[in-house]
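Below is one structure, written out as structure tokens, with a few remarks after it.
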Amino acid sequence: MKMFVTERRDKIMEFLIDQHRLTVKELSAKIGVSEATLRSDLNKMEAEGLLVRTHGGAVLNDTSEKTETSFSAREKQHKEEKMKMAVKALEFISEKQCILLDGSSTALEIARQLKKDPMRLTVVTSGLYTALELSDIPEITVIMIGGMVTNESKSIEGLMGLSILDNVHIDIMFTSANGFSAESGLTDFNLYEVQIKKEMVNRSRKVVALIDHSKIGRNSSAPFAATKQIDVLLTNTQLEEDVSKELIANQVSFYSV
């Protein structure tokens, strides 16, 4: 089956995340496209900082996620905007639901808003600070997804702990991203966190994305949710008409707060 360019490059990143180093010949066998096409892909992906070309192949650029600011720095950015979006996000939550909060600083703000007026909930999260924020609230059951702890983002990465999601039904996932565009969907810079976020999206009945103005129209290293996989987009800015049209075409509800 023929792949679009973005799909092919997603596959390349998945294989590199798993194996760290691959030859063009190996990729050609795995993906089923010509070596010439793959060389062109790899060259462009290297220019974007996603990987490093080697003789006959490529290796994962492990420094790509470290070029971004730390969690503590990101938490301080656009704080008021995050708070307003988090308040709006609470409107989508009902008592006795099971919700999923990713490891983003925006999801942490949702936890802080929940703490002000607690309701009976089960909260599944990959964020260490989010889990700690809610851990002392009697009404809320907190389930932490297991895995390796990242130094920069203070969240969980890797797929080893995802089996916990086999035992719960996620009503709503609340997530943020390093970038959003109608063409690429939600994208992030930490290639390992992208793995776990993809699985979270696939296992959630509803996905609500909280994206401030600085991330609209921006693409980061790798996508974890296509636009059609998003149910609601919350932002703090008026969207361009072409973006609004794409969201409507993909049946995504959107709100500016």
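In what follows, residues are counted from 1 in the order of the sequence shown.
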Task: Gln97 side chain near Thr122 side chain, heavy-atom distance below 4.5 Å - done: no
Open item on the list: So does Val252 get a backbone contact from the side chain of Asn250, meaning a donor-acceptor N/O pair under 3.5 Å?
Closed with: no
Open item on the list: Do Asn202 and Gln229 have side chains that approach each other closer than 4.5 Å (heavy atoms only, starting at C-beta)?
Closed with: yes
Task: Heavy-atom side-chain proximity of Ile196 to Phe224 below 4.5 angstrom - done: no
Review item, side-chain donor-acceptor pairs of residues 23-33, under 3.5 Å, at least two apart:
unit_1: Thr23; atom_1: OG1; unit_2: Glu26; atom_2: N; d: 3.0
unit_1: Thr23; atom_1: OG1; unit_2: Glu26; atom_2: OE1; d: 3.4
unit_1: Glu26; atom_1: OE1; unit_2: Thr23; atom_2: N; d: 2.9
unit_1: Ser28; atom_1: OG; unit_2: Val33; atom_2: O; d: 2.7
unit_1: Lys30; atom_1: NZ; unit_2: Gln19; atom_2: OE1; d: 3.3

Task: Joint hydrophobic cluster, Ile143 plus Ile170, side-chain heavy atoms closer than 4.5 Å - done: yes
- [ ] With sequence neighbours left out, write down each residue that passes side chain to side chain contact (heavy atoms under 4.5 Å, CB included) with Ser40, or none if nothing qualifies.
- [x] Lys44
TODO: Decide if atom CD of Glu240 counts as having more than 12 heavy atoms of other residues, nucleotides or ligands within a radius under 6.0 Å.
DONE: no
Task: Those residues that, when tested against Ser181, pass side chain to side chain contact (heavy atoms under 4.5 Å, CB included) (two or more places apart) - done: Glu183, Ser184, Asn219
Task: Residue Glu199 excluded, over 12 heavy atoms near CD under 6.0 Å - done: yes
Open item on the list: For Asp166, is there an ion pair with Arg203 - N to carboxylate O distance below 4.0 angstrom?
Closed with: yes
- [ ] Using modelled atom types only, decide if a donor and an acceptor are shared between the side chain of Ser220 and the backbone of Thr187 within a distance under 3.5 Å.
- [x] no
Task: Separation between CZ of Phe174 and CG of Leu101, rounded to the nearest 0.5 Å - done: 7.0 Å
Open item on the list: According to a hydrophobic-cluster definition based on side-chain heavy atoms being under 4.5 Å apart (Ile, Leu, Val, Met, Phe, Trp, Tyr only), do Val142 and Leu165 belong together?
Closed with: no
Task: Nearest heavy-atom neighbours spanning Met119 and Glu95 - done: SD-N, 3.8 Å
- [ ] Inspect the contact between Glu81 and Lys84 and indicate whether a charged nitrogen and a carboxylate oxygen are less than 4.0 angstrom apart.
- [x] no
Open item on the list: When you compare the side chain of Val201 with that of Thr175, does any pair of heavy atoms fall below 4.5 Å?
Closed with: no
Task: Check: His213 main-chain N/O paired with Asn236 side-chain donor or acceptor under 3.5 Å - done: yes
- [ ] Decide whether Gln113 and Glu109 meet the rule of one side-chain donor and one side-chain acceptor closer than 3.5 Å.
- [x] yes
- [ ] Taking the side chain as every heavy atom from C-beta outward, state whether Leu210 and Lys82 have any atom pair closer than 4.5 Å.
- [x] no
